[in-house]
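Working notes for the structure below.
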Amino acid sequence: MRLPFFYGWVVVAVTFVTMAIGVNARTAFSLFFPPIISEFGWERGITAGAFSFGFVASGVVSPLIGRLMDRAGPRAVMELGVLLMGGGLLLAPLTSAPWHLYVTIGVMVGAGSVCLGYSGQSLFLPNWFIRKRGFAIGIAFAGVGIGSVTLLPWVQHMIEQTGWRTACTAMGLLVLIALAPINLLLHKRPEDIGLQPDGDAAPAAGAARPISNVVDPVWVNTDWTLQRAVATARFWWIALGYFCGLYIWYAVQVHQTKFLLDVGFSPSVAVWALGMVSLLGIPGQIMLGHVSDRIGREWVWAISCAGFVVCFAALIALKYQASLWLVYLMVFTQGALGYGLTSIMGAVVFEIFQGRHQGSIFGTIMLAALAGGAAGPWLTGVLYDRAGDYTLAFVLAMVVSGVSALAIWRAAPGKVRAVAGRLHKLKTEALRRAGEGDAGQA
């Protein structure tokens with residue numbers, strides 16, 4: 001039985017819910033952190049190391065998840081993620097030694113988050129859309145923001161009422177009960193169930209072929225294996241762009257609350273700022289995803305990086321003038337603009353290396369992204385320790401933002417495949433060439 005709407009929107013809805021629960025289930029560690037320290041009296045570095053160790057686990061499994069996606073499809077990847085994350089959250093309350101947290105919250109939840117989070121979803125969701133690719137991914141990834149403003153307060157309330165163990169168990173059950181069934185609805189490509197991307201009808205025999213979005217036929221017709229991709233400059237430009245993108249993302253996310261407290265703002269303002277960034281990220285991701293379908297991925301990546309530049313500049317200015325207006329500017333540019341990176345992260349790789357091995361290629365590139373996510377908070381903290389304030393670290397982050405934008409421009413996905421808003425230029429060019437050919441024959 002055919003649905004009255006394109007099945008791709010079912011895939012978007014499943015991804016939205018999966019991101020809302022899966023990403024925030026890992027983020028909830030920051031809420032479990034204080035009561036765990038209070039209960040066991042462990043050092044903060046050792047305890048927080050369980051979360052950081054999750055980045056190591058993520059880096060190890062990312063290429064493997066990409067390979068699994070190529071071979072078995074999204075249902076296998078998502079259900080593996082559900083099993084790992086749900087199991088880790090259910091086992092974490094049995095903790096009695098630090099290494100228990102490293103296994104459960106670090107390895108199991110960390111590896112599960114690769115499957116259920118941005119990396120895993122970006123391995124197949126772009127297949128379902130071409131003209132509306134950025135818009136659809138933006139909607140799907142906005143689930144993270146919705147989850148942060150609904151699930152995290154619920155978790156915090158449960159911790160206060162019943163303790164961190166009960167809250168952790170509840171999150172594990174939510175992951176298993178809610179996500180295991182709905183992810184059975186996923187398919188890797190619309191062609192797998194007899195559909196076309198964007199819900200288009202299959203071209204009728206003898207009908208005029210639609211305008212192709214291919215700009216570089218030689219590149220597109222290459223069978224891009226991981227080995228071939230790694231030998232190209234484009235692969236390394238994307239890797240550099242993604243490393244820098246997650247560097248700036250996590251550099252500000254981890255340190256902004258402490259910075260605001262240091263310059264004299266109250267804890268309520270600092271917490272509000274962090275929450276509003278996630279909230280503004282919801283319309284920001286959707287809007288910039290849609291805009292990328294019109295003007296190109298390179299432009300939107302540059303806009304998002306510019307948002308981070310202004311964000312870091314506002315933070316530096318706050319050191320000299322603790323104004324709420326500067327906090328508003330920092331929050332807006334980080335959330336509404338900076339968070340647009342996620343809506344096109346999958347699209348950039350797919351439009352350059354689309355093919356049978358795109359999952360392996362994307363998973364390997366995400367190694368660089370995860371390394372950036374780990375390096376950003378660490379180096380920002382080291383520079384603060386050396387200099388005594390955040391100014392040097394934030395100036396460096398502004399430079400890294402510019403490098404990220406430049407790298408994606410150099411990768412140039414628009415020179416491989418055009419976005420929907422640029423197809424009219426391809427059509428004009430095709431007509432011009434056809435006219436020149438007819439004139440030559442005459």
Under the salt bridge (charged side-chain N to carboxylate O under 4.0 Å, His left out) rule, what pairs show up with a residue in residues 358-372, not counting sequence neighbours?
-> none
Is the W237 to W409 ring centre distance short of 6.0 Å?
-> no
Residues pairing under side chain to side chain donor-acceptor pair (under 3.5 Å) where one sits in residues 170-185, two or more places apart or in two chains, turn out to be T18-N183
Any side-chain heavy atom of S304 sitting closer than 4.5 Å to one from Y339?
-> no
How about L396 and L392: do any of their side-chain heavy atoms sit closer than 4.5 Å?
-> no
Do W301 and S404 have side-chain atoms, one donor and one acceptor, less than 3.5 Å apart?
-> yes
Residue pair Q334 / Q256, side-chain donor-acceptor N/O under 3.5 Å | yes
Just how far is it from atom CZ of F362 to atom CD1 of I65, taken to the nearest 0.5 Å?
-> 12.5 Å
The residue among F135, F350, W9, F124 that forms ring-ring contact (aromatic ring centres under 6.0 Å, His included) with F129 is W9
When the aromatic ring centroids of W249 and F243 are compared, is their separation below 6.0 Å?
-> no
Check V309 against S401 and note the closest heavy-atom contact, atom names and distance.
-> CG2-CB, 3.5 Å
Out of curiosity, L337 CG to L288 CG, how far, rounded to the nearest 0.5 Å?
-> 6.0 Å
Plane angle bin for F312 and F394 - parallel if under 30°, tilted between 30 and 60°, otherwise perpendicular | tilted
Report, as yes or no, whether the 6.0 Å neighbourhood of atom CZ on R189 holds more than 12 heavy atoms from other residues, nucleotides or ligands.
-> yes
Roughly how far, to the nearest 0.5 Å, is the CD1 atom of I105 from the OG1 atom of T95?
-> 7.0 Å
Looking at side-chain heavy atoms only, is the closest gap between T150 and N24 below 4.5 Å?
-> no
After noting the C-alpha distance and the side-chain angles of W128 and D198, does the key distance pass the side chain to side chain contact (heavy atoms under 4.5 Å, CB included) rule?
-> CA-CA 6 Å; W128 285 85; D198 293 304; over 6 Å; no
Could you give all pairs that pass the side chain to side chain donor-acceptor pair (under 3.5 Å) test and reach residues 347-367, with sequence neighbours left out?
-> D70-S360, N127-Q358, R133-E351, D223-R356, R297-E351
